[in-house]
Number of protein chains: 2
Amino acid sequence: MTKLRSDETVTMQSVAVAAGVSPMTVSNTFRYPERVQEETRQRVLKIAAELGYIPNHAAGNLASGQSRVIGAVIPSIKNSSFYNYVRGMQDHVATEGYQLILKLADTLSQEASAIRTFVGLRVAGIALVGDEHESDVKTLLRKTGVPVVESWVHENPFDMAVGYSTSDATRVITELLIERGYRRIGFVGYQGDVSSRFTERVPTFKQSMEKAGLDSYRIFLVDQADGFGAGPKALEGLCAIDPDLDAIVCPTDIVAAGVLFECGRRGWKVPERLAIAGWGDYEIASEITPGLTTVQPHSYEMGQRAMSLIIERAAGSGATGMMVDTGFHIVKRASA
Amino acid sequence: MTKLRSDETVTMQSVAVAAGVSPMTVSNTFRYPERVQEETRQRVLKIAAELGYIPNHAAGNLASGQSRVIGAVIPSIKNSSFYNYVRGMQDHVATEGYQLILKLADTLSQEASAIRTFVGLRVAGIALVGDEHESDVKTLLRKTGVPVVESWVHENPFDMAVGYSTSDATRVITELLIERGYRRIGFVGYQGDVSSRFTERVPTFKQSMEKAGLDSYRIFLVDQADGFGAGPKALEGLCAIDPDLDAIVCPTDIVAAGVLFECGRRGWKVPERLAIAGWGDYEIASEITPGLTTVQPHSYEMGQRAMSLIIERAAGSGATGMMVDTGFHIVKRASA
DNA sequence: TCGGCGTTTTGTAGCGCTACAATATTCTGT
DNA sequence: ACAGAATATTGTAGCGCTACAAAACGCCGA
């Protein structure tokens, strides 16, 4: 439809004519302002604004082989866990003159399709979550050489990575519960084909428990898609294993909140009857009563660093294999 | 960086050579498969896959003036209200061979920047939320003629719109409370520069109350950024107006949940002491106890219809001014 | 006044792809 | 076996922009 009336399409050419300069000067005005004399630049900018000129990114990208758009694949916006991550990315790219576009993908094959779109768009870089990807797209990404950063990944980056150790965090939060006197601690994990940032927690939990001389068999897996609903299921499942359960470690604050709501229904006091630990420090963690003790990953910083890694590489500096650990901290509230 | 080793870049040309056909046949294989003989197509597809060829969308877009990428601007992913909307969009475009990319924008100027990026990318269409946009970008959008659909908008579309009447919904939920015997009903609104899909509720609330012969002065405004925290503030504010408040209408389920948590802290029974109505039917509405009575907008359908409007226009049919009402329904739960 | 230098501006060519028209190939029916 | 239609494939040209090299301009001191 843009083509229907090509006489109306505002192109760099038409701006150039209107401003009485060559197209190259218009191009330079936008891409390398310092190469153009102040006076000329102002004139071009003014004319461009009057005409409503928007550079055709597709053409620029084609001609230069460069792009100032970065693509990020986000697993889900169902809960707020990626909110700060996205905000960090967005804020950072804005300061560098880049643009961020997002695609949502709940499954590996959706992720693959999203990556293909981004590659087709010839973006300057791609941010992914987690370290599990279809092998086809790995080959593809290798071949194109586009900078890729994996977030929430702590080791063995595909290209570059930024994250924290979920294993360390699991250990720290488990030890906190033990230290506070809880002994019959249950662990809730996700079942099915989930990211290693979840699966690697189970062995660490077991290890931490055993190191303290405690039983580590109270483990129950729930479906990641269940959201709050996973809470009641998990509680029921763990009580079937041990009715005298005294604490529970949840994979996210959403599940933890679900458990808390279920405790309410059962008339169980938290943390007296059952202590609850969450993960992610979602907004709800601080709003419900009692507040949730939870793991706070530095998601905002993660988003920022993810973008800076990509931008460095796009700008020529930076190297493959880069790894940034953004750490985490435990937020202690009343639930545990 | 893609250019560093141009001998390694897989282009349509290189696929054509490897498959022993002309570039046009490769192009047709991807864009108009029916124009290419089955046998030839299979061969080209096979070679393309082996070489890891991904069509350069930037080049295709430039040459054809068409794009199969649609951009959507989402106000926030902080809560789940847009989850189903995005899912509806994503599912629909997938069936039509389009791709959806997202940009987040919390403010009008961020929205404007997002729109500029999309226009620069020459997307096939743009989906926005709400009907308030910077006048500059309105001019720009008018000029480029790109199909634009506004969601959550019920009248006077800029180009096309899909939504439901928040005014009708306000009336229905207020009448429900009245019908159930509540008389001292308070209304929570958002203050500041918020979308008309929020502001238009206040007059309807007043009108509904007055029509029933009830007082309509119990109105309190909270900051949209406050999330759950807005609940306690709103409750406090409304109690200052009328300590005997018996029901409360919230702008979102998040605020309603915040109110509910605050009631828990105060030891108030819901709905005996205070009835609570939410908005949006977020996941949390069905998970907390008591469940929230709330307005369920058909967000998923809204997303689907938004995309179908754009795709129809991109495909040549469809007209400006189209409006789709996706309706809403009230989910009755225990809170009111 | 003029060569020489740095700054600013401008042709030229081509990025990878697709619309379109033209050509080549295959398939009808007689 | 062959005209004519239908189908399949292929040149040509150009989309809007930018890298690069070449040209034009302005300014200085001699």
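The chains referred to below are lettered A, B, ... by the order of the sequence lines, with proteins before strands, and numbering in each begins at 1. Quick caveat, the model's predicted, so the values are computed rather than measured.
Nucleotide dC17(D) holds its C1' atom 8 Å from the CG atom of Asn56(A), rounded to whole Å. As rounded to whole Å, 11 Å separates atom P of dC17(C) from atom CD1 of Ile54(B). Between the CZ atom of Arg122(A) and the P atom of dG16(C) there is a distance of 9 Å, rounded to whole Å. Separating the CD atom of Glu39(A) from the C1' atom of dT8(C) is a distance of 12 Å, rounded to the nearest angstrom. Atom-to-atom, CZ of Arg35(B) to P of dT9(D) comes out at 12 Å; the value is rounded to the nearest Å. One atom, CG of Leu62(B), and another, P of dC17(D), lie 9 Å apart when rounded to the nearest Å. The separation between Asn28(A) atom CG and dG16(D) atom P is 19 Å, rounded to whole Å. For Glu38(B) and dT9(D), the CD to C1' distance is 16 Å, given to the nearest whole Å.
Salt-bridge check for Glu301(A) with Arg305(A): failed, with every basic side-chain N at 4.0 Å or more from each acidic carboxylate O. Ionic pairing of Asp159(B) and Arg142(B) is not present here: no N-O contact between side-chain nitrogen and carboxylate oxygen is shorter than 4.0 angstrom. For Arg197(A) and Asp131(A), the salt-bridge test fails: no basic side-chain N is under 4.0 Å from an acidic carboxylate O. Between Glu39(B) and Arg43(B) there is no salt bridge, since no side-chain N of the basic residue sits under 4.0 Å from a carboxylate O of the acidic one.
Relative to the side chain of Ala63(A), the nucleotides dA19(C), dC17(C), dG16(D) differ in distance, and dG16(D) lies closest. The nucleotide whose nearest atom lies closest to any side-chain atom of Thr25(B) is, among dT9(D), dC17(D), dG14(D), dT9(D). Residue Met24(A) has its side chain nearest to dC20(D) when only dC20(D), dT9(D), dT9(C) are considered.
Put simply, Tyr32(A) has no side-chain N or O that comes within less than 4.0 Å of OP1 or OP2 on dT18(D). For the OP1/OP2 pair of dT8(C) and a distance below 4.0 Å, the side-chain nitrogens and oxygens of Arg41(A) include no atom meeting the criterion. Neither OP1 nor OP2 of dC15(D) sits under 4.0 Å from any side-chain N or O of Ser64(B). Between Ser27(B) and dT18(C) there is a side-chain N or O to OP1 or OP2 distance below 4.0 Å. Between dC17(D) and Thr11(A), a contact under 4.0 Å exists linking OP1 or OP2 to a side-chain N or O. Using a 4.0 Å cut-off, some side-chain N or O of Gln37(B) falls inside it from OP1 or OP2 of dT9(D).
Residue Pro23(B) is out of contact with every strand shown, counting any heavy-atom pair closer than 4.0 Å. When heavy atoms are screened at a 4.0 angstrom cut-off, Phe30(B) is found touching no nucleic acid atom at all.
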Determine, step by step, whether Gln99(A) and His57(A) satisfy the side-chain hydrogen bond (donor to acceptor under 3.5 Å, both in side chains) criterion, reporting the C-alpha distance in whole Å, the side-chain angles of both residues, the deciding distance to 0.1 Å, and the verdict. CA-CA 12 Å; Gln99(A) 288 288 342; His57(A) 180 268; over 6 Å; no
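Nearest-nucleotide positions on DNA chain C for Ala59(B) and Glu34(A) put Glu34(A) closer to the 5' end.
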